[in-house]
Novice: 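Please find one structure pasted underneath; my questions will follow.
In this chain, residues are counted from 1 in sequence order.
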Amino acid sequence: FTVANNKGLSCRSKLLRECGRHFAEGSLADLAGISRWPRCEQLSTWRPWRLGRAELCWQSDETWALGDTCAPLVSTGSLAGNCLAHRRLWDKLHSGPRVGSVPTFDWFFGYEEAQGFLLPLLQEARAAYPLRVLDVGCGTSSLCTGLYTKCPVPVDVLGVDFSPVAVAHMNSLLEGGQDQIPLYPGHPASRLQFIQADAQNLEPVAPSGSFQLVLDKGTWDAVARGGLPGAYQLLSECLRVLSPRGTLIQFSDEDPDVRLPCLEQGSQGWTVTVQELGPFRGIPYFAYLVQVSH
C-alpha cells in the first residue's frame, strides 16, 4: 500500500479494489467508507490493512472487525459506509470481549490524553460548581469516569449513549460490578450518571441550557456516516443544551478543512475554533470548540 500510495491515487485505488474483491467481497466504496478511526491492537492472530488512519482487520475466516475491537463484529462484506450510525453495530461491539483487564474502550484516545486540555477549561469556567458536563455518545469510554474520579474541581457528569449494552456496562463499572472496585469521585461534590438516550434527541434527559460543557468524542464522525442531516441534528441538540457561556467540544481526527465548514454552517451565530492535540500514537487529533459569539 505504501508503494502504491507513492505512485499516486490511481495505483492506490486499484490496490484497494483488489483488496475489496479478494477479502471483503465488496466495492472500493465499502472499504474507503470506513475512515478516520484509530488503529487496532496488533495481535499476532490478526492481519491488519490500514486505509488512511483506519485499519480493517480480518481473521482466517474473513470476518471483519473495526478499530480496537479484537473480536469479529460484522460479517464479511457488510461494512457499508453508514453502518457506524447503527445501534446494532455498537451493541455488538460493546458486547465483545475486552483486552486484558481494561474495563473501558476508547476511540481516538482516552481521558489520560484529554485531561491536559480539559482541566484548564473546567478550572477557568465561570459557573457555579459543580460544573455540569454532558458526554454524547459516551460508549464505554474512559472520558466520563476519568472526569469523575480524577478532576480536582467538582463536576456533575452525565454520559448518554443509544446502546443499552454500553450504558449497562458503564453503570456496572460505576457501582463496582464485574469484579471491579466501585468508582469514587475526585472531589466530594462530583457526581456521575449514565443514561440510555439518543444524542439526536436529548429532550428526555437534558433541558435547554443545562450544561456548561458538552463533549463529543467521535460521535459526529459515526453519525455522519449515516448522512450529514443526522450529524447536523446532533449538533443542534448539543447547542440547545449548552448554557449561555457553555462550550461544545468535538474531538476528532478529521482535518479542519473538512470539519470547520460543516460546523460553521450548522452553528451560525456561534464561534467555532480548533486546536490541535497530540499526536497520540503518531496520529494528530483536533478539538473543535463551539461557543456563543460575544
Novice: Is Gln123 close to Pro152 at the side-chain level, that is, under 4.5 Å between some pair of heavy atoms?
Specialist: yes

Novice: For the ring pair Trp220 and Phe251, is the centre-to-centre distance below 6.0 Å?
Specialist: no

Novice: How long is the straight-line distance from OG1 of Thr104 back to NE2 of His169, given to the nearest 0.5 Å?
Specialist: 7.0 Å

Novice: Give a yes or no on whether the backbone of Ala287 and the side-chain of Gln275 come within a donor-acceptor separation of less than 3.5 Å.
Specialist: no

Novice: Quick check: closest heavy atoms across Arg240 and Ser208, and the distance to 0.1 Å?
Specialist: NH1-OG, 3.0 Å

Novice: Measuring from atom CG of Asp106 to atom CG of Leu143, what distance do you get when rounded to the nearest 0.5 angstrom?
Specialist: 7.5 Å

Novice: Mind listing the closest non-hydrogen atom pair of Asp156 and Arg191 along with its distance?
Specialist: OD2-NH2, 2.9 Å

Novice: Checking Asp161 side chain against Val167 main chain: does a donor-acceptor pair fall under 3.5 Å?
Specialist: no

Novice: With heavy-atom distances below 4.5 Å as the criterion, would you say the side chains of Phe108 and Asp253 are in contact?
Specialist: yes

Novice: Which word best sums up how the rings of Phe286 and Tyr288 line up, parallel for under 30°, tilted for 30 to 60°, or perpendicular for over 60°?
Specialist: tilted

Novice: Return the CG to CG distance between Leu147 and Leu119, rounded to the nearest 0.5 Å.
Specialist: 7.5 Å

Novice: Shortest non-hydrogen contact from Gln200 to Val223?
Specialist: NE2-CG1, 3.8 Å

Novice: Please examine the side chains of Ser190 and Val157, heavy atoms only from C-beta on, and report whether any two atoms are closer than 4.5 Å.
Specialist: no

Novice: Could you grab the distance from atom CZ of Arg281 to atom CD of Glu113, nearest 0.5 Å is fine?
Specialist: 5.5 Å

Novice: Is any side-chain heavy atom of Gln268 less than 4.5 Å from a side-chain heavy atom of Glu264?
Specialist: no

Novice: Would Phe105 and Trp107 count as a close aromatic pair, with their ring centres under 6.0 Å?
Specialist: yes

Novice: Is there a side-chain contact between Leu235 and Glu237, using heavy atoms and a 4.5 Å cut-off?
Specialist: no

Novice: Decide yes or no on side-chain hydrogen bond (donor to acceptor under 3.5 Å, both in side chains) for Gln115 and Glu112, but give the supporting numbers first.
Specialist: CA-CA 6 Å; Gln115 63 179 334; Glu112 293 299 325; 3.1 Å; yes

Novice: Can you check whether Thr140 reaches Met170 side chain to side chain, under 4.5 Å on heavy atoms?
Specialist: yes

Novice: Any heavy-atom pair between the side chains of Val136 and Leu202 that's under 4.5 Å?
Specialist: yes

Novice: Please find the pair of heavy atoms, one from Ala189 and one from Pro154, that lie closest to each other, and give the distance.
Specialist: CB-CB, 3.8 Å

Novice: Apply the side chain to side chain contact (heavy atoms under 4.5 Å, CB included) test between Ser252 and each candidate in Asp221, Thr219, Val258; give the one that qualifies.
Specialist: Asp221

Novice: Tell me the closest heavy-atom pair linking Val292 and Pro244, and the distance in Å.
Specialist: CG1-O, 3.1 Å

Novice: Would Leu158 and Ile195 count as a side chain to side chain contact (heavy atoms under 4.5 Å, CB included) here? Give the steps.
Specialist: CA-CA 7 Å; Leu158 173 61; Ile195 297 178; 3.7 Å; yes

Novice: Yes or no on side chain to side chain contact (heavy atoms under 4.5 Å, CB included) for Leu134 and Val205, after CA distance, side-chain angles and deciding distance?
Specialist: CA-CA 10 Å; Leu134 173 67; Val205 297; 5.9 Å; no

Novice: Test of understanding: clusters of I, L, V, M, F, W, Y form through side-chain heavy atoms closer than 4.5 Å, transitively. Do Leu122 and Leu289 belong to the same one?
Specialist: yes

Novice: Could you measure the distance from the CZ atom of Arg259 to the CD atom of Gln250? Nearest 0.5 Å is fine.
Specialist: 5.0 Å

Novice: Please report the interatomic distance OH(Tyr232) to OG(Ser267), rounded to the nearest 0.5 Å.
Specialist: 9.0 Å

Novice: Cluster question for you: counting only ILVMFWY and a side-chain heavy-atom cut-off of under 4.5 Å, with indirect links fine, are Leu173 and Val165 together?
Specialist: no

Novice: Kindly indicate whether the side chain of Val155, heavy atoms from C-beta on, has any atom under 4.5 Å from the side chain of Tyr148.
Specialist: no

Novice: Does any donor atom in the side chain of Thr271 or Gln291 lie under 3.5 Å from an acceptor atom in the other side chain?
Specialist: no

Novice: Evaluate Phe117 against Ile249 for side chain to side chain contact (heavy atoms under 4.5 Å, CB included), listing each step before the verdict.
Specialist: CA-CA 11 Å; Phe117 176 79; Ile249 303 176; 3.7 Å; yes

Novice: For Ala168, is there any backbone N or O sitting under 3.5 Å from a side-chain donor or acceptor partner on Ser172?
Specialist: no

Novice: Closest approach of Cys151 and Tyr111, non-hydrogen atoms and distance?
Specialist: N-OH, 4.1 Å

Novice: Begin with the C-alpha distance, continue with both residues' side-chain angles, and end with the deciding distance and a verdict on side chain to side chain contact (heavy atoms under 4.5 Å, CB included) for Phe211 and Ser243.
Specialist: CA-CA 5 Å; Phe211 290 90; Ser243 66; over 6 Å; no

Novice: Would the distance check show the side chain of Lys217 and the main-chain N or O of Phe109 forming a donor-acceptor pair, the cut-off being under 3.5 Å?
Specialist: yes

